[in-house]
Amino acid sequence: MKRLIDPASAFPALISMAGVTLFTLLFLHAESQEAVLGLTLGAAIALLLLARFGWNARAAASFAGHSGAGNASVIIGVLVVVAVFYDQHFPLLMLASVLLYIVVCLGLNLQFGYAGVVNFAGAAFFGIGCYTAAVLTEHSALPHLLVVVAGGVMAAGIGSLLILPVLRTYGHYAALITIAFGILFRVFLEVNDALGGPQGMKLPGMEIFGWKLNDGLTFGDIEVSFYANYVLVALAMAAVAFMLVRRLERSWIGLNLDAVRLDETACAAFGIDVARWKITAFTLGNFLAGLAGAVYAMMTGFVAPNSFTFGDSLILVSIVILGGIGNPWGLTVATAIVLILPEKLQFIQEYRLLLYAGLVILILLFRPGGLMPRQVRNYFPGWKP
Amino acid sequence: MNQVLLACDGLSMRFGGLVALNALSLSVNEGEILGLIGPNGSGKTTFFNVITGIYQASAGRVDYRGQDLARLSAQEIYRAGVTRTFQRSRLCLPLSIFDNLMIGNHRRLNHGLWFNLMRRREFRRQFEQQYVQAQGLVRTFSQSLSERLFEPAASVNMIDRRRIEICRALISQPTLLLLDEPSAGMTHEETRELMDDILIVREHMPGLSIVIIEHEMNVIERITERCIVLNFGQKICEGPYAKIAADPQVQEAYLGTA
C-alpha cells in the first residue's frame, strides 16, 4: 500500500507554520500594550478571514497528509524563536513553561479527553513532581535525569491512592474527589515544615551528564540565556510525550479508552476491562504531570504551595477544553494562548481566571469541540484502504 | 437431535420485590435459531442481561460448555464466545464505524502497551488484517456501508446502525449470538433485508447459535426453528412457531382473557 506523495501539498502546512512562527516572534517582541492588543485582535480577525476562504481546512488537510513534515516544522519554529530571543530570559522562560505545561495537559487529555476520568487536581500532580525534585535534590545525590523520572513515578504513585474512590464514583462525585485531593495536597504542603511550609523550597539548576543547564552558553561575545537550555530539554520532553500520546490514541488502547468514556455497559459486554483502562489513563496522565513538574521546579529554582492551587488545576482543565477535548494539537495551541496572553497583556493578569471562565463557557456553549475539534481516529495518517 | 449449547436451570432474577425471572429453565441447541417471545415485561431482556453477566442472577445456573455463566463476569462471558446486541442502540456514536466494530473484536486484539506504542509495524499489520476482515463482514450486509468504515457512526441512518451493531456482535466469531429486538424502529422492508443478511452470515459461520427477541411475528415465523414463550419470567410454551401460535396459553398471554 505505497502511496504517492505530492510534495506541493505540504506547502499549506509549512506556510501556516511559518506564519505562526512569525506571529509568535512579533508577539513576544511587542512591548507596548497597544501593540500586543493589536496583534491579538489582528490574529483573531486573520484566522476568521482565513477560515472563511477555506485556508484553515486546507492547512489541516496538509498537516494530516504530511505529519512528518508538519511535526518537523513545529520543532523548527520553536528553534527559530529560541534563536531570535537567544539572549533574553523572559521570552525563553515563557517558551519553556509552555512546553512543560503541554506535557501536563497531554496527561490530562489522556485522563479525561480519552478515558473520561475527570481530574481537577492537575496542578497538585504537577506539584508532586516539583516537590519530589526539591526533596531529592536537597537530600540525595541522585542524577537529575532520575530525579525527573522519580517526579513522574511519585505523581503516579500518589495518584494511585485516588484510584479506588475514582473507580467507585462517577461524574460529579469523581470530580469532587479530585478537587478534595488538590486542596488536601496544598494544605499538607503549607503545614509541613519539612517541605518548607508556606515559604516553599529552593532547588539547584538541572544537570544532565555534567551539562549544567543553569550556565548559559557563550560563543565568543555572544551570550545565550541559560533558559535556552531548558527550552531544548522541555522541547524534547514535549515532543516525546506528544508522540507517545498520539500513538496511544491511534492504537487499540486509545480505542479502549474512548469506549470506556462513551459506554461502560457496552464495554462490559465486549470484554473491555473498564477499571484497567481507567487506571492506565489516570496513572500515565499523572506520570506526565509529575515529569513536567520536576523539570519545571529545577528550571525556576523554587517551589511553593501557592503555585498549586485549585485555580491552577482549573486553568489546566480549561486549556484542554479550549483546545478541543482529545486533540493533542488543540491543547498545544491552547496552552500557548492561555499562558502567554496574560503575561503580555498585563491588564488581563488580575482578571485571568474570570477571562478563562468566560472563555470556557463560551466554548462549551458555541463550539463544544473546542478551537480544534478532535477528528475521527485515523490509525495511520495517510493510510487509505 | 442437536447438542445442547446452553441450558439454564432454575434461573431467577429478583429486583427487590419484583420477580423478573422466576425459576426459568430452558435450553439452546448448537446451531439453531431460537425465538424468544412474550409480552412486554415478561423477562426477555432480563434473561439476556443475566446470561451476559450485566445482572448477577439471584438463583439458578446457566450451563454453557461446562461453565456456569451465572458465576462469570460480563468480560469472561464475552471471552467464552457469547455476544449480543442491545434493544436501544449502544454504539459509540462519535467513533468511526470501524472503531465500533473493533470494540466488538476486543478479545482478538493485542492490548499490550509495548505492542501498541512501540511495535507500530506489527500493529499496522494487525490493523490492516482487521480492516480486511471488518470490511468483508460489513459487505455481507451492505456494500455502501463497507466503503464508509472511517466515518463516524453518528453519520449513518438507523438501519445501518443496526447493521453495525450486529456486525460488532459477530466480528469476534461468537458461538452464541443474542439479538435483542433487531427490528425495533425499522420498516417491514428493512427488517426483511436485515433478516436475510443474518441468514447469509449464519451460512458462513456454521455452529453459530442465535437467540432472537422479537415482537414481529412474521420475522419469528420466517427465521426461527424453535420458539420459547415467556410470561411473568416463566416459560409458558415451547416449540416450532406454528405450535406456539396455536397455543391457547400464548394467546391468552398476548390478548388477555376474554
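Here the structure is a predicted model, which is why all the values come from computation and not from measurement. Just so we're on the same page: letters track the sequence lines, and every chain starts at 1.
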(request) Enter the distance from A:Arg247:CZ to B:Phe123:CZ here, rounded to the nearest 0.5 Å. (result) 11.0 Å
Report which part of [X] has an atom under 4.5 Å of a heavy atom belonging to chain A: side chain, backbone, both, or neither.
{"X": "B:Ile77", "value": "neither"}
{"X": "B:Arg79", "value": "side chain"}
{"X": "B:Tyr131", "value": "side chain"}
{"X": "B:Ile103", "value": "both"}
{"X": "B:Gln130", "value": "side chain"}
{"X": "B:Thr52", "value": "neither"}

(message) For A:Ser251, is there any backbone N or O sitting under 3.5 Å from a side-chain donor or acceptor partner on B:Asn116?
(response) no
(request) Determine yes or no for a side-chain-to-main-chain donor-acceptor pair under 3.5 angstrom, with B:Gln75 supplying the side chain and A:Ala269 the backbone. (result) no
(request) Decide yes or no for B:His111 and A:Trp277: does some side-chain heavy atom of the first lie under 4.5 Å from some side-chain heavy atom of the second? (result) yes
(request) Could you check if a side-chain atom of A:Val376 sits within less than 4.5 angstrom of a side-chain atom of B:Leu95, using non-hydrogen atoms only? (result) no
Give a yes or no on this: more than 12 heavy atoms of other residues, nucleotides or ligands lie within 6.0 Å of atom [atom1] of [X].
{"X": "B:Arg108", "atom1": "CZ", "answer": "yes"}
{"X": "A:Gln375", "atom1": "CD", "answer": "no"}
{"X": "A:Met154", "atom1": "CE", "answer": "no"}
{"X": "B:Arg139", "atom1": "CZ", "answer": "yes"}

(request) Name all pairs fulfilling the side-chain hydrogen bond (donor to acceptor under 3.5 Å, both in side chains) condition that reach into residues 153-170 of chain B, sequence neighbours left out, sorted by first residue then second. (result) B:Asp160-B:Arg163, B:Arg163-B:Glu193
(request) Output the option from A:Thr280, A:Leu248, A:Ile253, A:Ile272 having the highest count of non-hydrogen pairs under 4.5 Å with chain B. (result) A:Ile272
(request) Applying side chain to side chain contact (heavy atoms under 4.5 Å, CB included), run through A:Leu244 and B:Met118 and close with a yes or a no. (result) CA-CA 9 Å; A:Leu244 287 179; B:Met118 296 306 173; 3.6 Å; yes
(message) If you apply the rule ring pair (Phe, Tyr, Trp, His ring centres under 6.0 Å), what do you find for A:Trp252 with B:Phe115, and how did you get there?
(response) CA-CA 10 Å; A:Trp252 306 136; B:Phe115 171 81; 8.3 Å; no
(request) Starting from the C-alpha separation in whole Å, work towards a yes-or-no answer on side chain to side chain contact (heavy atoms under 4.5 Å, CB included) for A:Phe270 and B:Thr83. (result) CA-CA 7 Å; A:Phe270 294 104; B:Thr83 61; 4.3 Å; yes
(request) Mind checking salt bridge (Lys or Arg N to Asp or Glu O under 4.0 Å) for A:Arg276 and listing every partner two or more places apart, or none if nothing turns up? (result) none
(message) Are there residues of residues 254-265 of chain A whose heavy atoms fall under 4.5 Å of chain B's heavy atoms? If so, which?
(response) A:Leu255, A:Asn256, A:Asp258, A:Ala259, A:Leu262, A:Asp263, A:Thr265
(message) With a strict 4.5 Å heavy-atom criterion, list every residue of residues 283-293 of chain A that contacts chain B, or say none.
(response) none
(request) Measure A:Arg246 against the heavy atoms of chain B and call it side chain, backbone, both or neither at under 4.5 Å. (result) neither
(request) May I have the step-by-step check of side chain to side chain contact (heavy atoms under 4.5 Å, CB included) for B:Arg120 and A:Phe380, ending in yes or no? (result) CA-CA 10 Å; B:Arg120 290 302 277 183; A:Phe380 294 95; 4.0 Å; yes
